[in-house]
There are 2 protein chains.
Amino acid sequence: MASSVSPLRPAIVRTDPKPSPPREPLWRHALGECLRGLRHERGEKLSETARRAGVSPQYLSEMERGVKEPSSEMIAAVAGALDVTLVDLTLAVAESLRSAQSSASRGATCSAVYALAA
Amino acid sequence: MASSVSPLRPAIVRTDPKPSPPREPLWRHALGECLRGLRHERGEKLSETARRAGVSPQYLSEMERGVKEPSSEMIAAVAGALDVTLVDLTLAVAESLRSAQSSASRGATCSAVYALAA
DNA sequence: GGCCGGATCCGCGCAGAGCGGAACCGTCCC
DNA sequence: GGGACGGTTCCGCTCTGCGCGGATCCGGCC
């Protein structure tokens, strides 16, 4: 299907340029796990948190599974719906990443880390 | 210019849905400041770090200024070029956010925070 | 004046953000 | 068995904005 010629520029290939040390999870995955953990900690459903955040449940599901790159505004919205600040959320993600790193067996979940921080 | 009718769906308005507590910086801004701080700490130029990360200097500039939402792969690539892991980067962003929050006068810069963590 | 390097501006092609409808699954009740 | 319901994920779509190359701006040096 590459019949269309005359490219004003080559196709932009959004692939991994040069990721840092392999085996490290990507930001969207780490973030998503944290968001899901926090939501479960509150005993909430996808639809509830999504409604309060002003996003679709489908999209929140995708965010949590790390299959989409949420914008900073989206991150802030969901954080607000979960009653956490970006500071606490980012810290929770970092600690979760660290735990997963120091123990190759996934370590503490995000929700547990946040509970310890609180 | 809204002459085209028959909308299969309404226009997607990518605006702030419901951000968490106002006055909190957005993720992309906090991240960008950290990346620039780390780069300066190494005494590097935009072009050097960008080349090593496999991204354009223009884009790295935009990332650092928080005007673009970099993908997780991009974040990983630049982190790798700066010799930091996602863990350390995320932690540095969190601490930077926290410092800025506890002192409304911008507090410690990201690079200083990272130096303390190292 | 010129040249150079560092950073930013500008406009662009097309990848993917974010969404609504549909589908899947598990649980409950008859 | 059947159906109804709720929770989550799949799927396809529109159109926004990612990431880039060329151009521009700025400061320093000769």
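Every chain is numbered from 1 and lettered A, B, ... according to where its sequence line falls, protein lines coming before strand lines.
- Per the geometry, CE belonging to B/Met74 stands 13 Å off C1' belonging to D/dG17, to the nearest Å.
- Straight-line distance from the CZ atom of A/Arg28 to the C1' atom of D/dC18: 14 Å, rounded to whole Å.
- Comparing D/dT8, C/dC19, C/dG18 against the side chain of A/Arg39 picks out D/dT8 as the nearest.
- At D/dG19, one or more side-chain N or O atoms of B/Ser71 fall inside 4.0 Å of OP1 or OP2 (strictly under the cut-off).
- Atom CG of A/Leu60 is separated from atom P of C/dG20 by 14 Å (rounded to the nearest Å).
- For A/Gln58 against C/dG18, a side-chain-to-base donor-acceptor contact under 3.5 Å is absent.
- Side chains of B/Arg39 and B/Arg36 form a contact here, defined as non-hydrogen atoms less than 4.5 Å apart.
- With distances taken from any side-chain atom of A/Lys45 to the nucleotides C/dG6, D/dT8, D/dC20, the minimum falls on D/dT8.
- When the P atom of C/dG6 is taken as reference, atom CZ of B/Arg36 falls 14 Å away, rounded to whole Å.
- Of the possible donor and acceptor atoms, one in the side chain of B/Arg28 sits under 3.5 Å from a partner among the backbone N and O of B/Gly66.
- In this structure, A/Ser61 reaches the D/dT9 phosphate: one of its side-chain N or O atoms is under 4.0 Å from OP1 or OP2.
- Side chain of B/Glu69, nearest nucleotide from D/dC18, C/dA17, D/dT9: D/dC18.
- Using a 4.5 Å heavy-atom threshold, the side chains of B/Glu64 and B/Leu46 count as touching.
- Spacing between atom CZ of B/Arg65 and atom C1' of D/dG19 amounts to 13 Å, rounded to whole angstrom units.
- Side-chain contact check for B/Glu69 and A/Ser72: at least one donor-acceptor pair (N or O, by modelled atom type) lies under 3.5 Å.
- Considering only the side chain of B/Leu46, C/dT8 comes nearest among C/dC19, C/dT8, D/dG21.
- Taking five base pairs at each end of the helix from C/dG1-D/dC30 to C/dC30-D/dG1 and finding the rotation axis that steps the C1' atoms of four pairs onto the next four gives two axes whose angle is 20°, to the nearest 10°.
- The base of D/dG19 lies close enough to the side chain of B/Lys68 for a donor and an acceptor atom to sit less than 3.5 Å apart.
- Distance, B/Leu35 CG to D/dG19 P: 13 Å, rounded to whole Å.
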- Task: Mind running salt bridge (charged side-chain N to carboxylate O under 4.0 Å, His left out) on A/Glu44 and A/Arg52 for me, showing each step along the way?
- Result: CA-CA 11 Å; A/Glu44 281 199 345; A/Arg52 274 211 319 288; 2.8 Å; yes
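- With B/Pro70 as the partner, the side chain to side chain contact (heavy atoms under 4.5 Å, CB included) test is satisfied by one option alone out of B/Leu35, B/Ile75, B/Val78, B/Val55: B/Ile75.
- Side-chain proximity of B/Glu62 to C/dC19, D/dT8, C/dC10: nearest is C/dC10.
- Rounded to a whole Å, the CD atom of A/Glu48 is 13 Å from the C1' atom of D/dT8.
- When rounded to the nearest whole Å, the span between CZ of A/Arg51 and P of C/dG20 equals 15 Å.
- No side-chain heavy atom of A/Leu89 sits under 4.5 Å from any side-chain heavy atom of A/Leu82.
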